[in-house]
Amino acid sequence: MPRASVPGTPTTPGTLAVPGAPTTPDTPAAPDTPALGGSRWNTFPAAGTTLTAREFFTATEPLLQGIIDDNALTSADIKVLEGQIRATLALGTRETSLPLYLGPDSASAARELGAQAETIGRELASWSTEALERLLSDPVPLPAGPLVVRSHCYGHLLTPPAADLLLGRRGGPVSMQLYNEWLHQLVLLRDALLPFSNWQDAPLLITPTGLRHTEPARDAFLTELLVRQIRHTSIVAFARNVVTGSSGPAGYGFEAGGGTALPAVLDQPPLTAPRHLLTWRPDPSVGEVATYVAEVQDYYAAPRTLVEDLPPAITTSGPLAARLVTAPVVDSTRTARMEVTHDGTTAHVDLGQALRGHRFAHRESPAAADASGTADAWSTLRAPGLVWTQGGDATVDATAQEDLVVLALLGRLYPENLILRPADHSAERSAARPVARTTTDGTGPGRLTLLVDPAEAH
């Protein structure tokens, strides 16, 4: 992919720059970083640096300043450029940089990522308008002279007013290439943030070419998003590349220097938490990069226990307690378990399987069918393998349980034909929801409903 030109630090003609040489009053010290201007729009170190979305956006402002200076922009022109950036970052416009169609039958991952794109795009567009207004009166200094950056065209369409402004009235090749580079960096920024629920906190690896180093991973990520139901492992792989600049084993999350990226449901109610987004959680104790992987890769082959074979329901004294426990890193991967305790006894559930259950479960029952039986939460957690039913509908009551216990139950229930339903759910509301499959021949899994507290209880 094309890269922005980043020349070396200029030296005075006739002199030799010697790293580490002492300076004297007659020999001024070389600056710590090259000056902005000329063909240099940033001062990112060659080894890269880590910035948040807002920090990186601020670092792209010299490109905007170059456009203002070369094109003699005034406040009257801001509306034109604001309309352009909003059209580029929106979905469904002629100028969109993400041709993602969202409809009622779209996959849940596409809906979540599409909503992310719209939210992030609107915020970046607002930042852009504010920056343009500010730079008109408080310009970024460009000590090395006016910016002239070579930016190969990436195919972003311009609105007619923007094309007239940048290529017609006062514009030209310099303004157009500066704007093209700035616009493309913002598109890359929007896309790099899509996997993260707390996108403003995600640490992004930034190199002297900005975010262009993410282009190969971004192309693979967006291709899968646009042509098939994107896999969770693909979302994680792209997020890992954005943070670390590297690839790794397929998994459901990862950790890198300073934090972990694991699904958002770990600190949100399972009923309402995103199914596919990750949350970046800072953790100074994390050093090496590792991928979180499920203990069992093929859950179809895992042992199963029929819900009808579980022990009778018992009366528990108070809610169950759960916590996460991670295993040591082996070959750049690690597993994690959920430990659920009751009366001094502990049940273990693989976190990877719990997250599968959360992603796969239907969110509401399709009809007001009475379950043929109710299973006990603690008996379910203690069962060997995955719990399922072939004898009709069954319900596991997880009301009054904490969120991690509900997530653990999602990891113990066979995830096909599984429903996650609030306790106050009504038949009228469920009738319009996607229908979970009901088997009639007794060969496939029957409907299992996990009953939880409604969202208002949180």
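Excluded from the calculations below are hydrogen atoms, water molecules and symmetry mates; all remaining heavy atoms, backbone and side chain alike, are included.
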Sidechain-backbone polar pair: Glu95 side chain, Leu157 backbone, donor-acceptor under 3.5 Å: no

Any donor-acceptor N or O pair under 3.5 Å, side chains Arg150, His152: yes

Ring geometry between His276 and His232 (parallel below 30°, tilted from 30 to 60°, perpendicular above 60°): tilted

Evaluation steps, side chain to side chain contact (heavy atoms under 4.5 Å, CB included), between Gln268 and Val265: CA-CA 5 Å; Gln268 296 185 39; Val265 68; 5.6 Å; no

Under 3.5 Å: donor-acceptor pair, side chain of Asn198, backbone of Thr279: no

Phe196 and Trp280 aromatic centres sub-6.0 Å: no

Spacing of His358 atom NE2 and Leu409 atom CG [to the nearest 0.5 Å]: 13.0 Å

Leu211 backbone acceptor or donor facing Thr214 side chain under 3.5 Å: yes

Side chain proximity check, Ser128 to Leu186, heavy atoms < 4.5 angstrom: yes

Pairing of Glu112 and Arg275 as salt bridge, 4.0 angstrom limit: no

Minimum heavy-atom distance between Phe238 and Pro195, given as atom pair plus value: CD2-CG, 3.9 Å

Thr96 side-chain N/O to Leu98 backbone N/O, donor-acceptor pair under 3.5 Å: yes

Val406 and Leu271: CA distance, side-chain angles, deciding distance, side chain to side chain contact (heavy atoms under 4.5 Å, CB included) verdict: CA-CA 9 Å; Val406 174; Leu271 187 64; over 6 Å; no

Contact check, side chains of Arg231 and Glu224, non-hydrogen atoms, under 4.5 Å: yes

Asp350 (side chain) donor-acceptor with Gln353 (main chain) under 3.5 angstrom: yes

Carboxylate-amine/guanidinium contact Arg212 Glu181, below 4.0 Å: yes

Enclosure of Glu133 CD (heavy-atom neighbours >12, cutoff 6.0 Å): yes

Exercise: do Thr119 and Glu123 side chains pair donor with acceptor under 3.5 Å: no

Whether Phe56 and Trp41 hold their rings parallel, tilted or perpendicular, with breakpoints at 30° and 60°: perpendicular

Stepwise side chain to side chain contact (heavy atoms under 4.5 Å, CB included) check, Arg86 with Glu82: CA-CA 6 Å; Arg86 290 191 182 277; Glu82 179 185 11; 3.2 Å; yes

Asp331 and Thr333: side chain donor to acceptor below 3.5 Å: no

Closest non-hydrogen atom pair between Ala53 and Leu193, with its separation: CB-CD1, 3.7 Å

From CD1 (Ile206) to CG (Asn42), nearest 0.5 Å: 9.5 Å

Electrostatic pair Glu255:Arg334 at N-O distance under 4.0 angstrom: yes

Salt bridge (charged side-chain N to carboxylate O under 4.0 Å, His left out) evaluation trace for Glu130 with Arg54: CA-CA 13 Å; Glu130 181 275 330; Arg54 187 74 206 217; 3.6 Å; yes

Whether Asp219 side chain and Pro216 backbone form a donor-acceptor pair below 3.5 Å: no

Closest non-hydrogen atom pair between Leu64 and Ala131, with its separation: CD1-CB, 4.1 Å

Straight-line distance of Leu205 CG to His213 NE2, nearest 0.5 Å: 4.0 Å

Arg363 side chain to Ala361 backbone, donor-acceptor under 3.5 Å: yes

Residue pair Ser247 / Arg240, side-chain donor-acceptor N/O under 3.5 Å: no

Counterpart residues, salt bridge (Lys or Arg N to Asp or Glu O under 4.0 Å), relative to Arg122 (two or more places apart): none

Heavy-atom side-chain contact between Phe44 and Leu51 under 4.5 Å: yes

Any donor-acceptor N/O pair, Ser175 side chain to Leu166 backbone, under 3.5 Å: no

Minimum side-chain heavy-atom gap Leu142-Pro62 below 4.5 Å: yes

Minimum heavy-atom distance between Ala322 and Leu404, given as atom pair plus value: CB-CB, 3.8 Å

Close side-chain approach of Leu113 to Phe221, heavy-atom, < 4.5 Å: yes

Atom pair CG/CG of Leu81 and Leu165 - distance to nearest 0.5 Å: 5.5 Å

Thr209 to Gln185 - nearest heavy-atom pair and separation: O-NE2, 3.1 Å

Leu448 and Asn417: CA distance, side-chain angles, deciding distance, side chain to side chain contact (heavy atoms under 4.5 Å, CB included) verdict: CA-CA 7 Å; Leu448 264 177; Asn417 216 5; over 6 Å; no

Check: Thr260/Asp283 side-chain N/O donor and acceptor closer than 3.5 Å: no

Side chain proximity check, Asn241 to Ser246, heavy atoms < 4.5 angstrom: no

Main-chain N/O of Leu89 paired to Arg190 side chain as donor or acceptor, under 3.5 Å: yes

Separation between CG of Asp70 and CG of Leu147, rounded to the nearest 0.5 Å: 9.5 Å

Heavy-atom side-chain proximity of Leu204 to Val243 below 4.5 angstrom: no

Sidechain-backbone polar pair: Ser197 side chain, Leu278 backbone, donor-acceptor under 3.5 Å: yes

Under 3.5 Å side-chain donor-acceptor pair for Glu215 and His184: yes

4.5 Å side-chain heavy-atom contact, Leu355 and Leu410: no

Salt bridge present between Asp191 and Arg218 (N-O < 4.0 angstrom): yes

Where Ala35 and Arg40 come nearest, the two heavy atoms and their spacing: O-CD, 3.5 Å

Spacing of CE belonging to Met176 relative to CG belonging to Leu158, to within rounding of 0.5 Å: 4.5 Å

